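Just so we're clear, the structure is a prediction, and the values are computed from it rather than from any experiment.
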Amino acid sequence: PYFRGIGDTVSLKTIQTYKGNPVFKEYNQAIEFAQLLLRRYSYDISVAAKQEIETPPFWIDMSKLFELYIFHHLRKVFTGKNEIRYHLKAHYQELDYLLKPEKWNDPYVIDAKYKPKYKGTGISMDDAREVCGYARLSSIYNKLGLNEEETLPIKCLIVYPDQDQDDHFSFTRDKEPVFEKIPGYVRFYKKGIKLPIIKN
């Protein structure tokens, strides 16, 4: 019924650049799916009949996929209620994860960065500013039940891909590990994790 008054004449250029209309919100998700399908088949639906279709890697949002992969592994370790919170919104910002462990001494603001270059090096100043900014929000201190005037700065952790590490987090929720400290920053750490690979 929603589509009763809608025509089927539309140009590819229109569908490629369409951004959605706030008046017709119910159509936005359908159009988003249509855009994804058309892009998947190179804007030629006759290609859909082929058995194998090349998919360029840049069509996959690897940063988002890596975020979800890390969340999956964090949830395996931190099984308590609300120990790990994903995409928490605070002061018009959205941090990747907020960790309030039941058995560790300190909470963490954790950020997933799909940047293999972080292996063996420091981190970019922009990433440091971003994560530190999250960890200095009053609303985050309130959510953690901390006094912002008396508490040490919240610890920050960046998780990045590293094929020389384990494919899971080897630490447990019972004891806080010693993460690799990032030089030049206070209470700022990083941790690598191996990504799964396809074996032929």
Side-chain angles (χ1 to χ4, degrees), residues 57-58 60-197:
F58 54 81
I60 301 168
D61 187 347
M62 288 305 295
S63 295
K64 184 70 175 176
L65 191 60
F66 184 62
E67 249 183 44
L68 292 167
Y69 180 73
I70 298 306
F71 182 56
H72 166 75
H73 283 285
L74 287 170
R75 289 282 298 158
K76 278 185 171 179
V77 177
F78 301 103
T79 54
K81 186 178 180 182
N82 290 331
E83 269 193 294
I84 186 77
R85 297 174 75 177
Y86 179 61
H87 270 252
L88 185 70
K89 292 181 180 175
H91 197 66
Y92 309 107
Q93 299 179 68
E94 199 168 338
L95 55 152
D96 287 355
Y97 324 96
L98 181 63
L99 174 63
K100 186 181 181 183
E102 292 177 1
K103 300 186 179 180
W104 294 7
N105 293 329
D106 297 302
Y108 282 80
V109 167
I110 305 175
D111 205 76
K113 294 293 181 195
Y114 183 67
K115 296 183 178 179
K117 67 180 182 180
Y118 282 167
K119 176 187 173 182
T121 64
I123 60 167
S124 76
M125 194 177 293
D126 288 339
D127 288 345
R129 285 176 179 154
E130 178 191 353
V131 182
C132 285
Y134 296 148
R136 299 301 174 267
L137 293 171
S138 294
S139 54
I140 296 299
Y141 277 80
N142 292 337
K143 287 179 192 304
L144 293 169
L146 301 174
N147 183 322
E148 59 188 74
E149 298 298 331
E150 299 173 4
T151 310
L152 285 168
I154 297 170
K155 289 183 175 178
C156 298
L157 177 68
I158 284 185
V159 183
Y160 64 96
D162 182 351
Q163 295 307 99
D164 292 331
Q165 298 291 329
D166 293 326
D167 59 358
H168 61 281
F169 291 126
S170 54
F171 53 82
T172 68
R173 68 190 295 256
D174 297 317
K175 185 179 178 183
E176 184 176 354
V178 178
F179 292 114
E180 182 184 348
K181 191 174 186 315
I182 297 174
Y185 294 94
V186 176
R187 294 165 69 85
F188 208 128
Y189 310 91
K190 65 179 182 176
K191 172 70 180 157
I193 188 169
K194 183 178 182 178
L195 297 178
I197 56 172

Interatomic spacing from [atom1] in [X] to [atom2] in [Y] - rounded to 0.5 Å:
X: C132; Y: I154; atom1: SG; atom2: CD1; value: 11.0 Å
X: H73; Y: I84; atom1: NE2; atom2: CD1; value: 13.5 Å
X: I123; Y: K117; atom1: CD1; atom2: NZ; value: 10.5 Å
X: L152; Y: N105; atom1: CG; atom2: CG; value: 11.5 Å
X: L195; Y: F66; atom1: CG; atom2: CZ; value: 5.5 Å
X: I70; Y: I193; atom1: CD1; atom2: CD1; value: 4.5 Å

Any heavy-atom pair between the side chains of [Y] and [X] that's under 4.5 Å?
X: E176; Y: Y108; answer: yes
X: P196; Y: Y69; answer: yes
X: E67; Y: Y114; answer: no
X: S124; Y: Y118; answer: yes
X: V159; Y: L74; answer: no
X: F71; Y: H87; answer: no
X: Y141; Y: P107; answer: no
X: L95; Y: D111; answer: no

Where [X] and [Y] come nearest, the two heavy atoms and their spacing:
X: A90; Y: L137; result: O-CD1, 3.7 Å
X: P101; Y: D106; result: CG-O, 3.4 Å
X: D162; Y: G192; result: CB-CA, 4.0 Å

If you look only at distance, which donor and acceptor atoms sit under 3.5 Å apart when one is on a side chain in residues 178-188 and the other is two or more places apart or in another chain?
from	atom 1	to	atom 2	distance (Å)
K181	NZ	Y185	O	2.4
R187	NE	P153	O	2.6
R187	NH2	P153	O	3.3

For the pair W104 and F171, evaluate side-chain contact (heavy atoms from CB on, under 4.5 Å) and give the outcome as yes or no after the intermediate values.
-> CA-CA 11 Å; W104 294 7; F171 53 82; 3.8 Å; yes
Just by distance, do the side chain of D166 and the backbone of H168 share a donor-acceptor pair under 3.5 Å?
->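 No, the answer is negative, given that no donor and acceptor are paired below the 3.5 Å cut-off.
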Please answer whether the main-chain N or O of E83 pairs with a side-chain N or O of E102 as donor and acceptor at a distance below 3.5 Å.
-> no
Kindly indicate, with the supporting measurements, whether the criterion side-chain contact (heavy atoms from CB on, under 4.5 Å) is fulfilled by L99 and L157.
-> CA-CA 10 Å; L99 174 63; L157 177 68; over 6 Å; no
State whether the number of non-hydrogen atoms from other residues, nucleotides or ligands found under 6.0 Å of H91 atom NE2 is greater than 12.
->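 Counting other residues, nucleotides and ligands, NE2 of H91 stays at 12 neighbours or fewer.
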Which residues satisfy the side chain to side chain donor-acceptor pair (under 3.5 Å) test with K100, sequence neighbours excluded?
-> none
Pairing residues for K119 by the side chain to side chain donor-acceptor pair (under 3.5 Å) criterion, not counting sequence neighbours =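 Partners of K119 by the side chain to side chain donor-acceptor pair (under 3.5 Å) criterion, ordered by chain and then number, come out as D164.
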Salt bridge (Lys or Arg N to Asp or Glu O under 4.0 Å) with K103: which residues, sequence neighbours excluded?
->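 If we apply the salt bridge (Lys or Arg N to Asp or Glu O under 4.0 Å) test to K103, skipping adjacent residues, the hits are D174.
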Please name all residues satisfying salt bridge (Lys or Arg N to Asp or Glu O under 4.0 Å) with K194, sequence neighbours left out, ordered by chain then number.
->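 For K194 there are no salt bridge (Lys or Arg N to Asp or Glu O under 4.0 Å) partners, ignoring immediate neighbours.
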Pi-cation contact, F169 with K76 (under 6.0 Å, within 45°) |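 No, K76 and F169 do not form such a contact.
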Residue pairs involving residues 122-134 (criterion salt bridge (Lys or Arg N to Asp or Glu O under 4.0 Å); sequence neighbours excluded) =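 Those involving residues 122-134 are K113-D127, K113-E130, K115-D127, D126-R129.
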